[in-house]
Amino acid sequence: GLVQGTIILRNLYSTGIISGGTNVSSMVGGVVGQLVFPSVLSDSWSSVTVDGLGKFDYAGGLVGYTDNGISRSYSTGAVSGRNMVGGFVGMALAAFSFGVVATEDSYSIGAVNGSDQVGGFVGRIQYDNIQLPTIQTSYATGAVTGSTNVGGFAGFATSNTLLNNVFWDTDTSGQSTGFNGSAGGA
């Protein structure tokens, strides 16, 4: 679901299966579908299998879409979808005058499968205006498969994205490239 407002989510967890129907769905996550500024999420985990049947956009093991911070959290379930599919977050966006998208001290170990912008940790991380999206001290180890813009850590990372002290396992992910796009760091 949608979390919006001055809300601090902490110590949440979820288990089970989220399965797609016949229609395209957006912003589906193991704990939160859409995390909107100024809401934050920390110290949480998900072992949910997100089975989008190839129809989910913005699908993530923990959060489907976020434009704000997530810290000290992890996801272990497999994630499948269509576009912008990540083991931890489907899409992270730094937009307008909102706070910096900062994800830190987190990891994902589930397998990820999608079509476009598919990553072991995040499907797409995007700089949109004046804030620099940052992911730091995080890693992904799950197998990653997709058609285009596929990376062991991020499927696609736009310019002015900072990936600092992030890792992916080239053996278990099956991906020699960490991300596509023009991000710095990694």
Side-chain angles (χ1 to χ4, degrees), residues 18-30 32-35 46 48-67 70 75-95 101 103 106-129 131-136 138-164 166-186:
I18 297 174
S19 185
T22 58
N23 297 321
V24 172
S25 298
S26 289
M27 302 180 196
V28 180
V32 175
Q34 186 177 7
L35 183 69
S46 168
V48 168
T49 297
V50 178
D51 184 2
L53 303 175
K55 297 183 182 294
F56 285 173
D57 288 338
Y58 308 103
L62 193 77
V63 175
Y65 169 95
T66 185
D67 61 15
I70 302 171
S75 59
T76 63
V79 182
S80 68
R82 190 172 67 162
N83 302 322
M84 290 166 279
V85 182
F88 190 74
V89 174
M91 167 131 179
L93 173 68
V101 172
T103 300
S106 298
Y107 67 89
S108 171
I109 62 173
V112 185
N113 184 324
S115 181
D116 184 30
Q117 300 175 70
V118 183
F121 191 81
V122 59
R124 180 180 180 96
I125 181 167
Q126 180 173 331
Y127 166 81
D128 202 29
N129 195 352
Q131 300 295 329
L132 298 177
T134 303
I135 298 179
Q136 60 188 15
S138 297
Y139 68 90
T141 62
V144 182
T145 55
S147 300
T148 55
N149 293 309
V150 180
F153 189 81
F156 192 85
T158 62
S159 62
N160 295 318
T161 297
L162 301 175
L163 300 175
N164 184 27
V166 300
F167 305 93
W168 71 98
D169 188 313
T170 56
D171 292 330
T172 59
S173 71
Q175 301 296 324
S176 59
T177 302
F179 63 90
N180 295 281
S182 52

Legend entry - Matching residue for V85 among V50, V79, D57, V28 - test: side chain to side chain contact (heavy atoms under 4.5 Å, CB included):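 Single pass found, and it is V79.
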Legend entry - Step-by-step side chain to side chain contact (heavy atoms under 4.5 Å, CB included) determination, V144 to V118: CA-CA 7 Å; V144 182; V118 183; 3.9 Å; yes
Over all heavy atoms of both residues, which pair between [X] and [Y] is shortest? Give the atoms and the distance, please.
X	Y	answer
Y58	M91	CD2-CB, 3.5 Å
V63	Y65	CG1-O, 3.3 Å
V89	T66	CG1-CG2, 4.0 Å
F179	T177	O-CG2, 3.1 Å
W168	S176	CZ2-O, 3.8 Å
S75	G87	OG-O, 2.6 Å

Check whether [X] reaches the backbone of [Y] with its side chain - one donor and one acceptor, N or O, closer than 3.5 Å.
X	Y	answer
T49	D51	no
S173	G152	no
S46	G61	yes

Report the distance from atom [atom1] of [X] to atom [atom2] of [Y], rounding to the nearest 0.5 Å.
X	Y	atom1	atom2	result
D67	L35	CG	CG	7.5 Å
F156	M84	CZ	CE	11.5 Å
N113	S147	CG	OG	8.5 Å
I125	Q117	CD1	CD	12.5 Å
S115	N83	OG	CG	5.5 Å
T158	R124	OG1	CZ	6.5 Å

Legend entry - Residues which pass ring-ring contact (aromatic ring centres under 6.0 Å, His included) with F121, listed by chain and number, not counting sequence neighbours: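 With sequence neighbours excluded, F121 shows a ring-ring contact (aromatic ring centres under 6.0 Å, His included) to F88, F153, given in chain and number order.
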Inset, instruction - Could you pull out all residues at least two apart from T148 that satisfy side-chain hydrogen bond (donor to acceptor under 3.5 Å, both in side chains)? - result: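 Expected list: D116.
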Legend entry - Residues which pass side-chain hydrogen bond (donor to acceptor under 3.5 Å, both in side chains) with T170, listed by chain and number, not counting sequence neighbours: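 With sequence neighbours excluded, T170 shows a side-chain hydrogen bond (donor to acceptor under 3.5 Å, both in side chains) to no residue whatsoever.
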